[in-house]
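Every chain is numbered from 1 and lettered A, B, ... according to where its sequence line falls, protein lines coming before strand lines.
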Number of protein chains: 2
Amino acid sequence: MRWRAVARANCSVARSLAVVGERWTMLILREAFLGQRRFDDFQRNTGIARNILAARLRALVKHGIFQRARANGGGHIEYRLTDKGLDLYPVLVSLMRWGDQWLAGKDGPPLFLIHRGCGRTTRPAIVCTHCGGPLVAREMLAVPRAKLASARRVLRRAGA
Amino acid sequence: MRWRAVARANCSVARSLAVVGERWTMLILREAFLGQRRFDDFQRNTGIARNILAARLRALVKHGIFQRARANGGGHIEYRLTDKGLDLYPVLVSLMRWGDQWLAGKDGPPLFLIHRGCGRTTRPAIVCTHCGGPLVAREMLAVPRAKLASARRVLRRAGA
DNA sequence: CGGTATCCCATTTGATACTG
DNA sequence: CAGTATCAAATGGGATACCG
């Protein structure tokens with residue numbers, strides 16, 4: 001299979017990767033979440049080549065992740081995260097958390113996240129929206145929509 | 001900058017991407033989380049070229065994400081997720097959720113996640129470990145370790 | 001089954017220079 | 001500032017065949 005076919009796979013992971021899985025794209029998004037909005041700032045902070053950056057930004061705008069606009073007053077050009085773009089935050093945070101946990105030097109994580117709502121530094125976790133418990137891979141079952149009903153039956157019978 | 005330098009960036013996102021950010025790698029991991037463990041199954045289910053798959057698996061083993069071993073009884077060869085590998089689950093789930101939300105066809109998401117613990121299908125979310133509230137990008141502040149103390153002061157003074 | 005070995009092509013990349 | 005233009009070099013990708 002060609003990589004390009006991945007965009008049309010019946011899998012949300014594959015489709016997402018087709019949009020944000022290219023090299024550099026996540027680092028551009030990182031900068032965006034850190035507050036950067038301008039071409040040259042993206043360029044400097046990531047070290048990406050200018051032509052590649054231009055291509056990535058174009059694609060991200062096309063996919064509705066950035067909105068390209070002039071700053072207030074008609075100043076410079078800005079790339080602002082749309083709602084669709086902002087919604088990628090969990091992906092970035094998950095990557096960061098994993099790196100914090102498994103790849104950090106002995107100084108520990110370089111960056112901390114403060115949750116304005118509660119004013120605390122937080123180590124975000126992914127949880128079950130029903131029971132609030134942390135989602136651990138081993139406790140999860142992935143079921144294609146067609147098999148949902150039967151999977152539920154089996155689980156119930158098993159006394160879960 | 002060269003891409004290779006990214007692995008040594010002082011940023012957990014960049015470092016993580018250096019390990020799992022290559023093309024195909026996430027799709028291999030997806031298969032692993034769906035229960036696959038064998039070369040040919042990875043190959044068939046992802047459509048990746050065999051030589052590339054071999055290279056990716058080698059790298060993932062080297063990075064301690066897979067453990068390569070013979071199946072019980074000395075049968076075939078298996079790639080099993082280590083703890084480090086299993087810990088990538090949130091990354092995969094976040095990608096999947098974003099795709100579910102923004103890229104799914106009109107049939108809706110192709111795959112559902114059942115949390116064995118509570119027996120319900122769940123839509124995982126990333127939350128603050130302190131207050132339990134959902135983490136929304138706009139409500140977060142990223143602070144380099146060196147500026148942690150001052151950032152906290154400012155927040156407190158602001159009455160947050 | 002679980003890979004290697006080859007070979008070739010396509011794409012990506014990075015550097016640099018240029019422009020309105 | 002926000003890009004284009006160009007171009008050489010590197011890498012990655014895919015198909016196929018082969019092997020223990």
Side-chain angles (χ1 to χ4, degrees), chain A residues 1-9 14 17-28 31-32 35-63 65-81, chain B residues 1-9 14 17-28 31-32 35-63 65-81:
Chain A
M1 182 170 61
R2 273 46 168 264
W3 175 257
R4 313 206 39 198
V6 163
R8 269 146 282 137
L17 288 171
V19 176
V20 297
E22 279 170 305
R23 252 190 204 177
W24 298 112
T25 296
M26 285 289 185
L27 294 186
I28 296 171
E31 289 304 310
Q36 304 302 327
R37 298 181 159 190
R38 297 169 66 165
F39 190 94
D40 278 15
D41 293 328
F42 288 135
Q43 200 280 319
R44 252 192 315 280
N45 297 347
T46 59
I48 187 175
R50 301 177 71 79
N51 51 346
I52 310 287
L53 175 57
R56 293 290 181 275
L57 287 174
R58 203 163 24 237
L60 289 168
V61 168
K62 191 188 80 187
H63 283 116
I65 287 168
F66 277 128
Q67 189 190 3
R68 186 178 185 276
R70 288 204 174 273
N72 304 353
H76 53 266
I77 287 173
E78 283 191 349
Y79 291 89
R80 293 185 207 165
L81 288 165
Chain B
M1 181 169 63
R2 273 48 169 269
W3 176 254
R4 313 206 38 196
V6 163
R8 270 147 280 137
L17 288 172
V19 176
V20 298
E22 279 170 307
R23 252 187 205 181
W24 297 113
T25 297
M26 285 291 183
L27 294 186
I28 295 171
E31 289 305 310
Q36 304 302 327
R37 299 180 159 191
R38 297 169 66 165
F39 189 95
D40 279 15
D41 292 328
F42 288 134
Q43 201 278 318
R44 251 193 315 279
N45 296 346
T46 60
I48 188 176
R50 301 176 70 79
N51 51 347
I52 310 287
L53 175 57
R56 293 290 181 276
L57 287 174
R58 203 164 23 237
L60 288 168
V61 168
K62 191 188 79 187
H63 282 116
I65 288 167
F66 278 127
Q67 190 190 1
R68 186 178 186 277
R70 288 204 176 274
N72 305 353
H76 54 266
I77 288 175
E78 283 190 349
Y79 292 88
R80 293 186 209 166
L81 288 165

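Among all heavy-atom pairs drawn from A/Val19 and A/Thr25, the shortest one is O-CG2, 4.4 Å.
The closest donor-acceptor contact from the side chain of B/Arg56 to the backbone of B/Arg23 lies under 3.5 Å. Formation of a donor-acceptor pair under 3.5 Å by the B/Gln43 side chain with backbone atoms of B/Ile48 is found in this model.
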Please write out the pairs of protein N or O atoms and N or O atoms of nucleotides 17-20 of chain D separated by less than 3.5 Å, giving the distance to one decimal.
none

Strictly under 3.5 Å: I want the nitrogen or oxygen pairs between protein and nucleotides 9-12 of chain C, one per line.
none

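Distance A/His76 NE2 to D/dG3 P: 11 Å, rounded to the nearest Å. The distance from atom CG of A/Leu53 to atom P of D/dT4 is 10 Å, rounded to the nearest whole Å. For the pair B/Ile48 CD1 and C/dG2 C1', the interatomic distance rounds to 14 Å; values are reported in whole Å. Note: CG (A/Leu27) to P (C/dG14) measures 11 Å, nearest angstrom. In this structure, CZ of B/Arg58 is placed 14 Å from C1' of D/dG12, rounded to the nearest angstrom. Atom CG in A/Asn45 sits roughly 13 Å away from atom P in D/dC1 (whole-Å rounding). Protein atom CZ of A/Arg37 is 17 Å distant from nucleotide atom P of D/dC1, rounded to whole Å. Protein atom CD of B/Gln43 is 12 Å distant from nucleotide atom P of D/dT16, rounded to whole Å.
In the helix from C/dC1-D/dG20 to C/dG20-D/dC1, the terminal helix axes, each the rotation mapping four pairs' C1' atoms onto the next four within five end pairs, subtend 50°, rounded to 10°.
Listed by chain and number, the residues in a side-chain hydrogen bond (donor to acceptor under 3.5 Å, both in side chains) with A/His76 are A/Arg38 (sequence neighbours excluded). Applying the side chain to side chain contact (heavy atoms under 4.5 Å, CB included) test to B/Ala14 and every residue at least two apart in sequence or in another chain returns A/Leu27, A/Arg30, B/Val6, B/Ala9, B/Cys11. Applying the salt bridge (charged side-chain N to carboxylate O under 4.0 Å, His left out) criterion to A/Arg80, with sequence neighbours excluded, gives A/Glu78. Residues satisfying the side-chain hydrogen bond (donor to acceptor under 3.5 Å, both in side chains) test with A/Arg8, not counting sequence neighbours, are none. For B/Arg58, the side chain to side chain contact (heavy atoms under 4.5 Å, CB included) criterion is met by B/Ala55, not counting sequence neighbours. Applying the side chain to side chain contact (heavy atoms under 4.5 Å, CB included) rule to B/Asp40 yields the partners B/Arg44, B/Arg50; only residues at least two apart in sequence or on another chain are considered. Annotation: side chain to side chain contact (heavy atoms under 4.5 Å, CB included) contacts of B/Glu31 (sequence neighbours excluded): B/Leu34, B/Gln36, B/Phe42, B/Asn45, B/Thr46.
Across all strands, B/Tyr79 comes closer than 4.0 Å only to sugar-phosphate atoms, never to a base (heavy-atom distances).
With a 4.5 Å cut-off on side-chain heavy atoms, B/Phe39 and B/Ile77 do not count as touching. When side chains are defined from C-beta on, A/Leu60 does not count as touching A/Tyr79, because their heavy atoms never get closer than 4.5 Å.
Among the nucleotides C/dG2, C/dT4, D/dA2, the one closest to the side chain of A/Ile77 is D/dA2.
Remark: the A/Asn51 side chain and the C/dG14 base include a donor-acceptor N/O pair separated by less than 3.5 Å.
Of the side-chain N and O atoms in B/Trp3, none sit less than 4.0 angstrom from OP1 or OP2 of D/dG12.
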